[in-house]
Amino acid sequence: MSSASAQGTKRKNCGTCEGCLSPNCGMCSHCKDMPQFGGSYSIRQRCKLRKCIMASSRVEATLKDRKELASLARAHGAKKASLWAAALRAGNEYTTAVRTPSVRLDEGLSEGWGAHTSMLLEDTPVEVRMDEEGLEGVFYLANIVSAPPEDATQVRVRYRDLWETEEGTERLVEEADLTNIRLQPPPSPEGYIDLVRPGDSLELFYDEGWWEVLVLEVSRKPIEPESITQAGADRRDELQLRVISKIYDKEHDVGTADVRPGVRVSPLPPFFA
DNA sequence: GCCAACGTTGGC
DNA sequence: GCCAACGTTGGC
Ligand SMILES: [Zn+2]
Ligand SMILES: [Zn+2]
């Protein structure tokens with residue numbers, strides 16, 4: 001004689017809540033335990049998605065289960081756990097949306113230095129490559145102060161993020177070799193980040209400059225629904241990258257906002273050259 | 001009798 | 001404190 005029967009409590013399912021109206025999801029631990037999903041039937045519990053919220057003896061836990069399943073579904077691109085479950089049963093695989101931009105991520109794609117000298121006008125946004133010891137390979141954003149004469153080897157630049165003084169009221173202006181100047185690259189192609197794999201090279205904006213880094217690890221985590229913004233509404237997960245500087249052996253954990261792919265530069269067409 | 005799944009518990 | 005495991009039962 002169990003105490004369960006002594007208490008005589010077995011609440012009835014309401015029949016109308018989200019749980020009651022859901023099918024077996026087939027992916028929760030309770031479903032996986034069921035013989036129809038190949039389980040050994042040792043847990044013997046109702047599907048976590050199907051649990052009736054009215055009959056639940058532990059509402060908190062039931063809600064948490066639902067939330068976890070919903071979040072899992074979203075991470076796979078489905079709007080709701082039940083839709084994901086339905087798709088899975090139908091044999092369709094929901095996967096994270098994959099875009100296929102025509103981008104190749106090659107080793108060492110920081111090109112174009114000194115390539116577009118004839119296009120430098122007053123105020124043109126450029127990047128300046130450092131050649132001093134310890135900063136080799138770092139690029140800082142700058143603007144051309146005045147267009148260089150035709151036979152010039154140097155040009156005067158005003159850095160965007162470097163300052164004359166500690167207070168940071170006046171931007172640093174200096175002469176830079178034209179061979180260390182390039183036009184600022186175009187915006188990163190949409191979706192390139194989904195192609196990034198460990199071993200790829202990227203550029204990291206850090207300490208006011210761009211640094212070449214090597215990708216060590218790529219991890220994905222689902223975005224909680226409350227933090228999905230309108231702008232990024234099609235994105236259900238976000239990437240976290242572990243990268244290492246090619247110059248220093250320093251590792252960084254970064255989001256995707258601070259990185260960009262390297263740039264391959266084509267020669268100028270004859271008209272500009 | 002059969003099946004779904006409830007409440008309890010022991011082991012972690 | 002949680003949860004896998006299980007004996008057991010309500011509904012059919
Ligand atoms: Zn389930
Ligand atoms: Zn219900």
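Lettering follows sequence order; numbering is per chain, from 1. Nothing here was measured: the structure is a model prediction, and the numbers come from that model.
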>> Please give me every residue in residues 39-46 of chain A whose heavy atoms get under 4.0 Å of an atom in DNA chain B, ordered by residue number.
In response: Y41(A), R44(A), Q45(A), R46(A)
>> With heavy-atom distances below 4.5 Å as the criterion, would you say the side chains of I144(A) and V126(A) are in contact?
In response: yes
So which protein nitrogen or oxygen atoms get under 3.5 Å of nucleotides 10-12 of chain B's nitrogens or oxygens?
none

>> What is the distance, to the nearest angstrom, from the NE2 atom on H30(A) to the P atom on dA5(B)?
In response: 12 Å
>> Just the rounded figure in Å: distance from C1' of dA5(B) to CG of D65(A).
In response: 15 Å
>> Any side-chain N or O of R50(A) below 4.0 angstrom from OP1/OP2 of dA5(B)?
In response: yes
> Between E60(A) and K64(A), is there a side-chain N and carboxylate O pair less than 4.0 Å apart?
Replying inline: no
> Does any non-hydrogen side-chain atom of R129(A) lie less than 4.5 Å from one of Y140(A)?
Replying inline: no
> E68(A) CD to dC3(C) C1': how many Å, rounded?
Replying inline: 13 Å
> Does C47(A) reach the side chain of M34(A), with side-chain heavy atoms less than 4.5 Å apart?
Replying inline: yes
>> Let me check the geometry of the helix from dG1(B)-dC12(C) to dC12(B)-dG1(C). What is the bend angle between the axes at its two ends, five pairs each, to 10°?
In response: 20°
> What's the shortest heavy-atom distance between C52(A) and C17(A), and which atoms?
Replying inline: CA-SG, 3.8 Å
>> Please report the distance, rounded to the nearest Å, between NZ in K12(A) and P in dG7(B).
In response: 15 Å
> Short question: side chain of D33(A), backbone of I43(A) - any donor-acceptor pair under 3.5 Å?
Replying inline: yes
> Under the salt bridge (charged side-chain N to carboxylate O under 4.0 Å, His left out) rule, what pairs show up with a residue in residues 156-166 of chain A, not counting sequence neighbours?
Replying inline: R156(A)-E175(A)
> Looking only at atom types and distance, does a side-chain atom of T62(A) sit under 3.5 Å from a main-chain N or O of R58(A), one as donor and one as acceptor?
Replying inline: yes
> So, the side chain of W211(A) versus the backbone of Y206(A): is there a donor-acceptor pair under 3.5 Å, distance only?
Replying inline: yes
> Side chain of H30(A), backbone of R46(A): donor and acceptor closer than 3.5 Å?
Replying inline: yes
>> Expected output is a numbered-order residue list: members of residues 51-59 of chain A with a heavy atom under 4.0 Å from any atom of DNA chain B. What is it?
In response: K51(A), S57(A)
> What pairs with E18(A) under side chain to side chain donor-acceptor pair (under 3.5 Å), at least two apart in sequence or on another chain?
Replying inline: none
> Any donor-acceptor pair under 3.5 Å linking the side chain of R66(A) with the backbone of A70(A)?
Replying inline: no
> Would you call P185(A) and R260(A) a side-chain contact if the rule is heavy atoms closer than 4.5 Å?
Replying inline: yes
